[in-house]
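A short write-up of the structure that comes next.
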Amino acid sequence: MKKSYRVKSEKDFNAIFKKGQSVANRKFVIYKLEKEQKHFRVGISVSKKLGNAVMRNKIKRRIRHVLLTHQVELAALDFVVISRKGVEILTYQELEQNLLHVLKIAKIYQDGLSSEKEK
C-alpha cells in the first residue's frame, strides 16, 4: 500500500479518534473522519492480545489486501480499522466479509461504486 494511502502519524490518529465517528461489528471497529482529499487513507490497529508479531502482521496484511482489492468502492476519507478478539481465527473470506460489512455500516464502502465510476 502506498504511503499516501496510510495514516501513520500519532497526530492524525488522535484527530480521527477525537473528531471522528465510530462504527463497530463483532470483529472490527472503524473510526472515520471526513476530509477533502482524492482518495482514502487508512490506519490499521491490531492489539497484542490477538497474538504474536507473526499473527498480528498476518491480520494487517489481510486487511490491507481487502482494502486494496476494493479500493475503487471506498470513499475518500480518513479511517482507522481496529481488530477485535476473534479476528485471528477467521479465514480470509470471513475476514473480508466482516470487514466489508462494517465498512458498509460506516458508509465508507459502496457496492455499486465501481460500475458508476467506469461509466
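Keep in mind that the numbers below use all heavy atoms, side chains included, and drop hydrogens, waters and symmetry copies.
Looking at residues two or more places apart in sequence or on another chain, you find no side-chain hydrogen bond (donor to acceptor under 3.5 Å, both in side chains) involving Tyr31. Scanning for side-chain hydrogen bond (donor to acceptor under 3.5 Å, both in side chains) contacts around Glu94 gives Thr91, with sequence neighbours left out. For Arg61, the side-chain contact (heavy atoms from CB on, under 4.5 Å) partners two or more places apart in sequence, or in a different chain, are Asn57, Lys58, Arg64. Qualifying ring-ring contact (aromatic ring centres under 6.0 Å, His included) partners for Phe28, counting only residues two or more places apart in sequence or in other chains: none. The ring-ring contact (aromatic ring centres under 6.0 Å, His included) test applied to His39 returns Tyr5, not counting sequence neighbours. Under the salt bridge (Lys or Arg N to Asp or Glu O under 4.0 Å) criterion, Asp12 pairs with Arg41, sequence neighbours left out.
Side-chain atoms of Glu88 come within 3.5 Å of backbone N or O of Gly86 as a donor-acceptor pair. At distances below 3.5 Å, at least one donor-acceptor pair connects side-chain atoms of Lys85 with backbone N or O atoms of Lys49. For the pair Arg84 (side chain) and Ala24 (backbone), a donor-acceptor distance under 3.5 Å is absent.
Note on Val23: it clusters hydrophobically with Ile63, by side-chain heavy-atom contacts below 4.5 Å among ILVMFWY residues. Val42 and Ile59 fall within the same hydrophobic cluster, defined by Ile, Leu, Val, Met, Phe, Trp and Tyr side-chain heavy atoms under 4.5 Å apart, directly or through other members. Hydrophobic clustering (side-chain heavy atoms under 4.5 Å, transitive across Ile, Leu, Val, Met, Phe, Trp, Tyr) keeps Val66 apart from Ile82. Transitive grouping of hydrophobic side chains (ILVMFWY, heavy atoms separated by less than 4.5 Å) brings Val87 and Val102 into a common cluster. Cluster annotation: Ile105 is connected to Leu74 through the hydrophobic network of ILVMFWY side chains, with a link wherever side-chain heavy atoms come within less than 4.5 Å.
To the nearest 0.5 angstrom, Leu100 atom CG is 11.5 Å from Ile108 atom CD1. Considering CZ of Phe13 and OG of Ser45, their distance stands at 7.0 Å, rounded to 0.5 Å. Rounding to the nearest 0.5 Å gives a distance of 9.5 Å between CD of Gln110 and CD of Glu73. Here the CD1 atom belonging to Ile16 is positioned 11.0 Å from the CD1 atom belonging to Ile30, to the nearest 0.5 angstrom. To the nearest 0.5 angstrom, Met55 atom CE is 10.0 Å from Ile89 atom CD1. Note that CG of Leu67 and CD1 of Ile44 are 6.0 Å apart. Values are rounded to the nearest 0.5 Å.
For Arg6, the CZ atom is densely surrounded, since the number of other residues' heavy atoms within 6.0 Å is greater than 12. Open room surrounds NZ on Lys107; 12 or fewer heavy atoms of other groups in view lie less than 6.0 Å from it.
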Problem - Criterion side-chain contact (heavy atoms from CB on, under 4.5 Å) on Phe79 and Leu103, from CA distance to verdict - result: CA-CA 10 Å; Phe79 61 98; Leu103 289 171; 4.0 Å; yes
Practice task
Give the intermediate values and the outcome of side-chain contact (heavy atoms from CB on, under 4.5 Å) for residues Leu33 and Phe17.
Solution key: CA-CA 8 Å; Leu33 181 63; Phe17 289 136; over 6 Å; no
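Checking each of Val46, Asn98, Val29, Leu90 against Ser83 for a side chain to side chain contact (heavy atoms under 4.5 Å, CB included) leaves exactly one that passes, namely Val46.
Between Gln37 and Ala76, the shortest heavy-atom contact is O-CB, 3.5 Å. Residue Lys32 comes nearest to Leu77 through the heavy atom pair CB-CD1, 4.1 Å, listed as atom of the first residue, atom of the second, then distance.
Not less than 6.0 angstrom separates the ring centroid of Tyr109 from the ring centroid of His101.
Side-chain contact check for Glu96 versus His70: some heavy-atom pair is nearer than 4.5 Å.
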